J.: 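The structure's right below; bear with me while I get my questions together.
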Amino acid sequence: MLDLTNIREELAQHYDLAPNPELAEAMSDTFAKMDRVVNPIDWARYAPYVAAINKLKKEKNAVILAHNYMTPQIYHGVADVVGDSLQLAIEATRVEADIIVQCGVHFMAETSKILNPAKIVLMPDMDAGCSLADAITAADIEEMRRQYPGAPVVTYVNTTAEVKAASDICCTSSNAAQIVAALDGDTIIMTPDQYLAQNVAKMVPQKRVVWYNGSCIVHEQYTAQDIREFREWNPGTRIITHPECPPEVVAEADYSGSTSGIIKYVNDEKPERAMLVTECSMASNIADSLPEVDFVGPCNMCPYMKMITLEKVLWTLHTGQTPVEVDEAVAGKARQAVERMIDMSKQLGL
Ligand code: 13P
Ligand code: SF4
């Protein structure tokens, strides 16, 4: 576990990180992208970190790839590229800078390293995991293969490199249904997210989809009853879910899609009121660019995503701690599964 006291003392010796209203004012263009969701007092605290990170990025020839669930101060303040899991994987293949700082969870950093092994991929906090990645091992994949001989294994990118390496092809929430539909065979094994698999099974009835029993601790908390009650209290609210939610929750929604699908849907539709049934930062990150939309309702925080903070991003750039390494034999096989997904997504026009 990172020693935050030590990190703070070390950073304070090299950077002026005290709250700075003048600097915050000078960086008002950046603040304007998040001033609906971040208050000016907090912005005066964040601005010195944002300025220091952006300066260090240039000096060290680094880029920051950030997932849509990062906090607004990371998403709008320091990220060079933002996106969903598929977009970040594709962007990782294109990075020319020497260093990638992955603002997301560990499997995302591993995926970047697998796809662009010559780069240094830094993780601001190695403990930022994922309940789905923790749910399954390569041995579990082999057990599924024994249960369903000959069936292809489609594995969500939210997994370790070893699990990807044991699979035939990866998927993300933005291409899972299309990949399952396009594969040969009547039976398709989907791992590790039981809910994503059940949602895909409904969308691709021509296939028999069988699944592993993993789940996302953020999305599994929602119930269909919550959604129905929310609709009753707030008639007219557009309800938008992520496909990691249980299928009975997705069935109550007006739209379900990956985080980039959610952003596109809200931008296209511009509903008066929207409830995003997903991680809390999703709505915060798009609130300023959609002033006409009132984002309402409960959201759930991902404890892993929220381990990534401005302080830890500055620390990782300052020290080069901690680079992600993947055993080359494992990385080679995992790369095949991820590249198959990227190639198939392109062929399918996704
Ligand atoms: P996407 O951004 O690919 O929809 O994934 C959501 C998620 O939970 C990532 O951990
Ligand atoms: Fe994993 Fe869920 Fe957090 Fe995404 S939101 S990192 S799937 S626990």
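Here the structure is a predicted model, which means the values were calculated and not measured. Whatever order the structure lists them in is the order used to number ligands and atoms, beginning at 1.
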J.: So, at under 2.8 Å, which protein N, O or S atoms would a careful student list around atom 1 (Fe) of ligand 2?
T.: Cys130 SG
J.: Any donor-acceptor pair under 3.5 Å linking the side chain of Asn285 with the backbone of Met70?
T.: yes
J.: Tell me, which protein residue and heavy-atom name are nearest atom 8 (O) of ligand 1, and how many Å apart are they?
T.: Glu244 OE2, 3.1 Å
J.: Is there side-chain contact between Glu220 and Ser131, with at least one heavy-atom pair below 4.5 Å?
T.: no
J.: Any non-hydrogen atom of Asn68 lying under 4.0 Å from ligand 1?
T.: no
J.: Find all atoms of ligand 1 within a distance of less than 4.0 Å from any non-hydrogen atom belonging to Ser258, and give their numbers and elements.
T.: 4 (O)
J.: ring-ring contact (aromatic ring centres under 6.0 Å, His included) with Tyr15: which residues, sequence neighbours excluded?
T.: His318
J.: Under 4.0 angstrom from ligand 1, any heavy atom of Ser174?
T.: no
J.: On the 0 to 90° scale, with breaks at 30° and 60°, tag the Trp43-Tyr46 ring pair as parallel, tilted or perpendicular.
T.: perpendicular
J.: Does ligand 1 have a heavy atom under 4.0 Å from the side chain of Met282, from its backbone, from both, or from neither?
T.: neither
J.: Can the SG atoms of Cys216 and Cys130 be said to lie under 2.5 Å from each other?
T.: no
J.: Relative to ligand 1, is Glu279 under 4.0 angstrom through side chain, backbone, both or neither, heavy atoms considered?
T.: neither
J.: Can you tell me the protein heavy atom closest to atom 6 (C) of ligand 1 and the distance?
T.: His242 NE2, 3.4 Å
J.: Does anything in residues 248-267 pair up under salt bridge (Lys or Arg N to Asp or Glu O under 4.0 Å), and if so which pairs, sequence neighbours excluded?
T.: Arg228-Glu252, Arg231-Asp254, Lys264-Asp268
J.: Quick one: hydrophobic cluster around Ile136, which other residues, with the 4.5 Å side-chain cut-off, linked directly or via members?
T.: Ile141, Met144, Tyr148, Val153, Val163, Ile189, Val210, Tyr212
J.: For the hydrophobic clusters of this structure (ILVMFWY residues joined by side-chain heavy atoms under 4.5 Å, transitively), does one cluster hold both Tyr49 and Val78?
T.: yes
J.: State the CG-CD distance between Leu348 and Gln178, to the nearest 0.5 angstrom.
T.: 7.0 Å
